[in-house]
Amino acid sequence: MKDQVKEWLASQEKQLIQLAADLVNIDSNSYDQPGVMLVFERLEQFFNGHDIPVQWHTHDGKRNAISVQLPGQVRDERPVLLMGHCDTVHPTGDAKTRPFSIEGFRGYGPGVADMKAGVAMNAFIVAAYKQLGGAPNPLYALFTCDEEIGSPTSRTVIEAYARKATYVLNAEPGRPEGQVVTERRGGVFMEITVTGKAAHSGSNFTKGASAIHELAKKINRISALTDLDRGITVNIGLVSGGVSVNTVSPQAQCSVDLRITNLEDRDRIVQRIESITQHCDVGGTHASLRIIGEFRPMQKTEQSMALFHLYQETAKEIGIDIQEFFAGGCADSGITSSMGCATVCATGPVGGHTHTKEEYVELNTFVPRAQIAAAVIAQLD
């Protein structure tokens, strides 16, 4: 089975790259839900062509994911989950102004590496196993709509599939040197709002309560929670507030990006931020904290490292050396890892310069990366 699936994928290189190009040429910013739906529909068209039924998922009445599944040929337990997100960070209109293009051995375009190449690759892996009547274990593939903004609507469906799955391969882009990711930092994205009291800054200064002054104090205390030795960083990425230069500010907001490597630090630091938020030094002000998105850290386990070593040995069979990589960025693989699934991330085609106009994917890695992932699936018990 392993050799058969690899041979079929090798015969599909042109079609695989074309599907990736089709997906790149559809705008699908996380907030452009009609665009993301068009990506889902293109994938549904692909799966329909291979006689693979597609299931649509919803959150609060809105479509937010699609999935496909194949039954196991050998066993009906220990499923494998392939994951990929169909949204990008690139603004609507980019697909028209700089569509998929090829220069030398690289493909370019908005979201080509992160992660439309990986989405196309996962679709072809499922199609490959459909040709063979299924993988040894049940095989699921899940495609979601909002990973780039913390998966606020996709988290529930990811968790539902994680409860079923034993193994997870998340097709984020392979690192520029070809590595796959075995660990990731987690992230908590928060918003602090401070409310004060407006007053004329010249004639009634003492009647006001400055929300900006209070927020500045909080920012200093929250920023001091950074602990580089423990892999904890706290970044205040956005600040706004006030109404005019001559008015004591009645309101102010900031956005907080917390990164951690384990859940214990997550709970401890979030509690500290909550405490700092609740305590106000400037009389007449009060504040609130809201968590607007979160990724759990992806941590190594005995099971995940066994999956990585199988991936590594499988790659060696086709002459590719794969090393592991610790990623500072977050991904949906943190969700599945934290729920006990053996998880390897960045199994997609190799790429780089993600989230920029220079984003690229190495075209000669489409088939090998698909073959490695597919061959791993064939060997799982």
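FYI, side chains are in, hydrogens and waters are out, and symmetry mates aren't considered; it's all heavy atoms of this structure.
- No more than 12 heavy-atom neighbours from other residues, nucleotides or ligands sit within 6.0 angstrom of CG on Asp76.
- A 6.0 Å sphere centred on CG of Asp51 holds no more than 12 heavy atoms belonging to other residues, nucleotides or ligands.
- The minimum heavy-atom distance linking Met1 with Gly134 is given by the pair CE-O, 3.6 Å.
- Here the side chains of Val344 and Asn170 are not in contact, with every heavy-atom distance at 4.5 Å or above.
- His90 and His355 have perpendicular rings, their planes meeting at more than 60° on a 0 to 90° scale where under 30° would count as parallel.
- At a cut-off of 3.5 Å, with distance as the only test, no side-chain donor of Arg98 or Tyr108 sits close to an acceptor on the other residue.
- Note on Arg296 versus Glu159: salt bridge recorded, some NZ/NE/NH1/NH2 to OD/OE distance being below 4.0 Å.
- With rounding to the nearest 0.5 angstrom, the NZ atom of Lys6 is 8.0 Å from the OG1 atom of Thr314.
- Using modelled atom types, one finds no donor on one side chain facing an acceptor on the other under 3.5 Å when comparing Ser337 with Arg184.
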**Request:** Kindly determine whether Arg259 and Asp257 satisfy salt bridge (Lys or Arg N to Asp or Glu O under 4.0 Å), including the steps that lead there.
**Result:** CA-CA 7 Å; Arg259 300 295 171 114; Asp257 178 312; 2.8 Å; yes
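- Counted by atom type alone, Thr336 and Thr343 present one or more donor-acceptor pairs between their side chains at under 3.5 Å.
- Under a cut-off of 6.0 angstrom, the local environment of CZ in Phe105 is sparse, with at most 12 non-hydrogen atoms contributed by other residues, nucleotides or ligands.
- Among Glu7, Gln371, Glu317, the single residue meeting the side-chain hydrogen bond (donor to acceptor under 3.5 Å, both in side chains) criterion with Lys2 is Glu317.
- His59 NE2: more than 12 foreign heavy atoms inside a 6.0 Å radius.
- Closest approach of Val282 and His213 over heavy atoms only: CG2-ND1, 3.9 Å.
- Looking only at atom types and distance, the side chain of Ser30 has no donor-acceptor partner in the side chain of Asp146 under 3.5 Å away.
- Side-chain contact between Leu142 and Thr144 is present, with at least one heavy-atom pair separated by less than 4.5 Å.
- Within the 3.5 Å criterion, the main-chain N or O of Val36 finds no donor-acceptor partner in the side chain of Ser28.
- Of the charged side-chain nitrogens involved, none lies within less than 4.0 Å of a carboxylate oxygen, so that Asp227 and Arg268 do not count as a salt-bridged pair.
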**Request:** Kindly determine whether Met83 and Val168 satisfy side-chain contact (heavy atoms from CB on, under 4.5 Å), including the steps that lead there.
**Result:** CA-CA 7 Å; Met83 288 203 307; Val168 176; 4.0 Å; yes
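- A heavy-atom distance below 4.5 Å is not found between the side chains of Val376 and Tyr167.
- Put simply, OG1 on Thr88 and CD on Glu148 are 7.0 Å apart, with the number rounded to the nearest 0.5 Å.
- Side-chain atoms of Leu23 and Cys86, non-hydrogen and from C-beta on, never get closer than 4.5 Å to each other.
- Inspection of the Tyr161 and Ser67 side chains reveals an N or O donor paired with an N or O acceptor under 3.5 Å.
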**Request:** Apply side-chain contact (heavy atoms from CB on, under 4.5 Å) to the pair Leu132 and Val5, showing each step before the final yes or no.
**Result:** CA-CA 8 Å; Leu132 302 178; Val5 74; 3.9 Å; yes
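- At a threshold of 4.5 Å between non-hydrogen side-chain atoms, the residues Arg266 and Asn262 do not count as touching.
- Residues Pro173 and Thr354 have side chains in contact (heavy-atom distance under 4.5 Å, counting atoms from C-beta outward).
- The CD atom of Gln323 sits 15.0 Å away from the CZ atom of Arg175 when rounded to the nearest 0.5 Å.
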**Request:** May I have the step-by-step check of side-chain hydrogen bond (donor to acceptor under 3.5 Å, both in side chains) for Thr92 and Asp32, ending in yes or no?
**Result:** CA-CA 7 Å; Thr92 298; Asp32 180 3; 2.9 Å; yes
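- Taking the side chain as every heavy atom from C-beta outward, Leu139 and Val68 never approach each other to under 4.5 Å.
- Nearest heavy atoms, Cys145 versus Gln33: SG-OE1, 3.8 Å.
- Atom SG of Cys254 is separated from atom CG of Asn235 by 10.5 Å, given to the nearest 0.5 angstrom.
- For the atom pair CZ of Phe46 and CD1 of Ile52, the computed distance is 6.5 Å after rounding to the nearest 0.5 Å.
- Salt-bridge annotation for Lys316 and Asp321: absent, with no side-chain N of the basic residue lying under 4.0 Å from a carboxylate O of the acidic one.
- Checked against the 6.0 Å centroid threshold, His85 and Phe143 do not count as a close aromatic pair.
- Glu191 places no side-chain N or O within 3.5 Å of a backbone atom of Gln253 that could act as its donor or acceptor partner.
- Side-chain atoms of Gln18 and Asp22 form a donor-acceptor pair, as typed in the model, at a separation below 3.5 Å.
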**Request:** In sequence, state the C-alpha distance, the side-chain angles, and the governing distance for Phe40 and His57, and then conclude on ring-ring contact (aromatic ring centres under 6.0 Å, His included).
**Result:** CA-CA 11 Å; Phe40 287 164; His57 302 271; 9.5 Å; no
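- Other residues, nucleotides and ligands contribute over 12 non-hydrogen atoms within 6.0 Å of the CZ atom of Arg42.
- The shortest distance between side-chain heavy atoms of Met115 and Met121 does not fall below 4.5 Å.
- Taken from CD1 in Ile335 to OG in Ser151, the straight-line distance is 5.0 Å, to the nearest 0.5 Å.
- Using a 3.5 Å distance cut-off with no hydrogens or angles, the side chains of Arg75 and Asn137 do pair a donor with an acceptor.
- For the pair Glu214 and Lys217, the salt-bridge criterion is not met [side-chain N within less than 4.0 Å of a carboxylate O].
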**Message:** Before you tell me yes or no, could you show the steps for Ile232 and Thr226 under side-chain contact (heavy atoms from CB on, under 4.5 Å), namely the whole-Å CA-CA distance, both residues' side-chain angles and the distance that decides it to 0.1 Å?
**Reply:** CA-CA 5 Å; Ile232 299 169; Thr226 291; 5.7 Å; no
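- Between Phe124 and His50, the angle of the ring planes goes over 60°, which puts this pair in the perpendicular group of the 30/60° scheme.
- Remark: Lys164 NZ is packed, more than 12 non-hydrogen atoms of other residues, nucleotides or ligands lying under 6.0 Å away.
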**Asked** Taking it one step at a time, do Arg369 and Val180 satisfy side-chain contact (heavy atoms from CB on, under 4.5 Å)?
**Response** CA-CA 10 Å; Arg369 301 288 281 205; Val180 295; 3.5 Å; yes
